[in-house]
Amino acid sequence: MPQSNRGGPLAGIRVLEITKVWAGPYTGKILAALGAEVIKVESATNLDEMRAYGGVDINAAPYFLSINQEILSVQVNMKTDEGLELVRQMVAQSDIVVDNIRPGAMERSQLDYEHLRQIKSDIIQCSIKMWGTDGPLGYQTGYAPCFAALSGLTNLVGYEGETPEGMNIRYGDATAGAWAALACIAALNHRDNTGEGQFIDHSAVESMTCLVGDSLFAYALTGEVPKSDGNYHPEMCPHGAYACAGGEWISIAAENEAEWQALCKGLDAEALASDPRFATLGSRLEHRQTLDAVLSELTGPQDASHLSDRLRRAGVPAFRSQSSIDLCSDGYLWGRQGYRMVTDHRNGTRPIIGPSWRMEPDMASVERGAPLLGEHNDYVYRELLGLSQERLDDLVARKVVE
Amino acid sequence: MSGALKGTLVIEVAERPAGEYTAKLLAELGADVIKVERPGGAPTRAMGPHKDGQSAVFGFFNTGKKSVVLDLADPADRATLDGLLARAQVLIDDHDEAWGMAYSLTASLVAAAHPHLVHCIVTPFGQGAPREWQKAHPINVMNAGGWAYHSPTEAKPDKPPLKGAGRFLPDYEAGIDAATCVLASLHRQRKSGAKGAGGQFIDISEIEVQINRIDCVLDRMLAGDAEPSQERTAYDMGGPATCFACLDGHVYLFMTTQGHWQALGKLMGNPDWFGQFEPDWLEFHCTRERVEEFRALFRPWIARQAKLAITEAAQQAGLAMVPINTAADLPKNEQFIHRGFFQTVAGLTYPGLPFRMSASPSRIAGPAPALGEG
């Protein structure tokens, strides 16, 4: 079964993915959404946990289905020498190898870069680890909120004067995976230019640190250590999220005097515009607690969606703070294919969250949902590796392919 | 060793951190980036904090670029831009559609004039959004995209959704996807041959980056595997993981298993109150009440511990308790030093990229340019 020509800028690039959970699979998802053929190496006895969460059917596990669109699955038991030899043969047919398994595991399986480059001299390998591949803390492992805490990001999220709280606990894995995809394609560009492959030593901690780069640079420049600051903005006021009716919230930010005046008008509170405490950015910042309280009183009884529509039309950047149910029913995102349907082995189709980009021309198609375990064994073993049916049957019987 | 994008010329007409960060990433990967600035300079030059007249925001987002001042309303300057685009491979923009119309830099006009070009525009809601949506600040994008509503974890109904770390989180996130797409498109452009029409238009939606980063939570709701709701806690996992104040700062504790619980017991010298909890409570009896009970007992103990010493001991014991590092901690951190993450350019320290490339290392080639420098 040759894989369909999905188009996209990475058409013709093959990626071998030895990954689990979220960050590594997210890298594979992005590369696949750009047109690469991504083959996930799996086994029934060493499953991606995402195939186990939230259900017993490993082929219909919601967490797994929500990430692994357009990924191919090949089974191989990497705890056997024969299995590892098969993986090496797959490496020989690949351009990029991505892993996010425990520190030291790739080395123990002789799948580290020094070994892989002997199999294919221009291979690109990207290893995703919490702290990178080596170094004094390289042995440590952790979960996304741990690397966010280590990175400097968590310390900047929280309410003023309180213990920092960080982003939602789910934040971090996907971003780390996105960075790894960027690095792999950068390496592909280098290979285009020089013929040379390379090893990419990726740190999940640093992938969060990058996101507060300007705050760190400001510290280097001024010596002032930044802290969690609620919704404070030194150059916009008001700037925050304000309570509306029914537990909803609206975000409002006024960048200049025109937006401030428009806000007062949009809230039918023109007296505010002439209040000397709020006459300039400087005075609004000085009285911002008071201002936030006054604005909250005005927004409190209003419907967040109607108010944000009205404010935007008046020229004030404002948007409803969207809950999960708001997002799921967002007509704009559905209409724009921010959400789209892919095939699903059980129900026929499944909605997924589509790529964050559109390309014209040559956008890769994203139509197939996550694979069954071993769905592409025949393609990989028979077509790519050229094994006979008898040999494949034997590998299955002896649980090398399992 | 040279960067992965050596020999690539990128023209940046962006004026927000979203587009500036996209081009900065390309610069650190070895591209030559020329930033087009309006007369008087880019708006980000006015963003504080300032030191000796230098903006930290502009100084960070524009490292390694050259600057050229062009008044795009002036036909001669606009023609100069076309000259630059004719020899460039990439154009980065982050304006609304009216701006593109005003300066003839829409997707179709650029594709017609420069069919070889990779042209990327980063906007809050993507191309085709209602006109009045097109002006949105990062806090609006964070709120529209759902991360604000669900941050922090265990968000209280009476406390506002949070904008995230610093002022520009959605800009960074969008910059990653934008640079990724541009890199992929450059690979395609190269394959199509030097004179081919190998260009592409890339439309990046900041809000779609936000929702993509929560795929394995939000998509389960879209597909009906989990219930979407109006709860501020809808993205949470439950469990006792949270931040705690300690003697000299804060730590983050993550625990989900009996093994973690035993490790914590060992670290604390198995205090009597541990007996109040079943050994497997984290896996099987992890109610909100139990979590609060645990935290109340843990808080006084952790408050007396030193951040680095106790988290190092925790890691040795197999417990995922880590320091909440501050901006001041990071440059001194042995792992960051080992990896050379911070780079010093002209006497100032900058964070680099989160990966080390063995054959084409990334590099901050220089500080942000003075107006018209280069």
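Owing to the predicted nature of the structure, the values given are computational and were not obtained by experimental measurement. A note on names: the letters A, B, ... follow the listed sequences, proteins ahead of strands, and every chain is numbered from 1.
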Is chain B contacted by the side chain of [X], its backbone, both, or neither, given a heavy-atom distance below 4.5 Å?
X: A/M50; answer: side chain
X: A/F199; answer: both
X: A/W22; answer: side chain
X: A/Y171; answer: both
X: A/E224; answer: neither
X: A/E259; answer: side chain
X: A/D134; answer: both
X: A/A243; answer: neither
X: A/L333; answer: side chain
X: A/E196; answer: side chain
X: A/S151; answer: backbone
X: A/F147; answer: neither
X: A/T141; answer: backbone
X: A/I250; answer: neither

Which of the residues [options] is involved in the greatest number of heavy-atom pairs with chain A at under 4.5 angstrom?
options: B/V141, B/L26, B/T233, B/T180; answer: B/T180
options: B/H137, B/H250, B/K135; answer: B/H137
options: B/D158, B/V209, B/I176; answer: B/I176
options: B/A234, B/A136, B/G164; answer: B/G164
options: B/S358, B/A46, B/G239; answer: B/S358
options: B/L169, B/V57, B/L29; answer: B/L169

Table please: side-chain donor-acceptor pairs of residues 142-152 of chain B below 3.5 Å, with sequence neighbours left out.
| residue | atom | partner | partner atom | Å |
| --- | --- | --- | --- | --- |
| B/N143 | OD1 | A/S321 | OG | 2.7 |
| B/N143 | ND2 | B/I139 | O | 2.8 |
| B/W147 | NE1 | B/Q210 | O | 2.9 |
| B/Y149 | OH | B/Q230 | O | 2.7 |
| B/H150 | ND1 | B/G146 | O | 2.7 |
| B/S151 | OG | A/N168 | N | 2.9 |
| B/S151 | OG | B/W147 | O | 2.9 |

A side-chain contact here means heavy atoms from C-beta on lying under 4.5 Å apart; do [X] and [Y] qualify?
X: A/S251; Y: A/H239; result: no
X: B/D219; Y: A/L65; result: no
X: A/T209; Y: B/P354; result: no

- Message: One pair to check against side chain to side chain donor-acceptor pair (under 3.5 Å): A/Y63 and B/D225. What are the steps and the verdict?
- Response: CA-CA 9 Å; A/Y63 281 88; B/D225 302 315; over 6 Å; no
- Message: Main chain of A/G138, side chain of B/H338: is a donor-acceptor contact present, judged purely on distance under 3.5 Å?
- Response: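 Absent.
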- Message: Looking at B/Q335, is its backbone amide N or carbonyl O close enough to the side chain of B/R339 to form a donor-acceptor pair, meaning the two atoms are under 3.5 Å apart?
- Response: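 No, B/R339 side chain to B/Q335 backbone: no donor-acceptor pair under 3.5 Å.
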Can you say whether [X] sits under 4.5 Å from chain A via the side chain, the backbone, both, or neither, judging by heavy atoms?
X: B/A223; result: both
X: B/I324; result: both
X: B/K6; result: backbone
X: B/N325; result: both
X: B/R232; result: side chain
X: B/F125; result: both
X: B/P157; result: backbone
X: B/P351; result: side chain
X: B/T242; result: neither
X: B/F61; result: side chain

In terms of heavy-atom pairs under 4.5 Å with chain B, which of [options] leads?
options: A/E255, A/M208, A/K227; value: A/E255
options: A/L137, A/I185, A/L34, A/L31; value: A/L137
options: A/G142, A/A220, A/C146; value: A/C146
options: A/S203, A/S308, A/P355; value: A/S203
options: A/A241, A/S207, A/A253, A/C210; value: A/C210
options: A/M167, A/R320, A/R313; value: A/M167

- Query: Between B/F201 and A/W357, does the ring centre distance come in under 6.0 Å?
  - Reply: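 Judged by ring-centre distance (under 6.0 Å), B/F201 and A/W357 do not meet the cut-off.
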Looking at [Y] and [X], is there a salt bridge between them, counting it only when a charged N and a carboxylate O are closer than 4.0 Å?
X: B/E208; Y: A/R358; result: yes
X: A/R336; Y: B/D203; result: yes
X: B/K163; Y: A/D229; result: yes
X: B/D215; Y: A/K29; result: yes

Would you say [Y] and [X] are linked by a side-chain donor-acceptor pair, where the criterion is simply a distance under 3.5 Å?
X: B/N212; Y: A/S356; result: no
X: B/E173; Y: A/T175; result: yes
X: A/T133; Y: A/D201; result: yes

- Task: Applying side-chain hydrogen bond (donor to acceptor under 3.5 Å, both in side chains), name anything that partners B/Q200, two or more places apart in sequence or on another chain.
- Result: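 Applying side-chain hydrogen bond (donor to acceptor under 3.5 Å, both in side chains) to B/Q200 gives B/S185.
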- Query: How far does OH of A/Y143 sit from OH of B/Y252, to the nearest 0.5 angstrom?
  - Reply: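 With rounding to 0.5 Å, OH (A/Y143) is 11.5 Å from OH (B/Y252).
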- Query: Roughly how far, to the nearest 0.5 Å, is the CE atom of B/M47 from the NE2 atom of B/H50?
  - Reply: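 Between atom NE2 of B/H50 and atom CE of B/M47 there are 9.5 Å.
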- Message: Students often mix this up, so state it plainly: with edges at 30° and 60°, are the rings of B/Y21 and B/F60 parallel, tilted or perpendicular?
- Response: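 If you compare the ring of B/Y21 with that of B/F60, the planes turn out parallel.
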- Neighbour count >12 (heavy atoms, 6.0 Å) for atom CD, B/E132: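 Check passes, neighbour count above 12.
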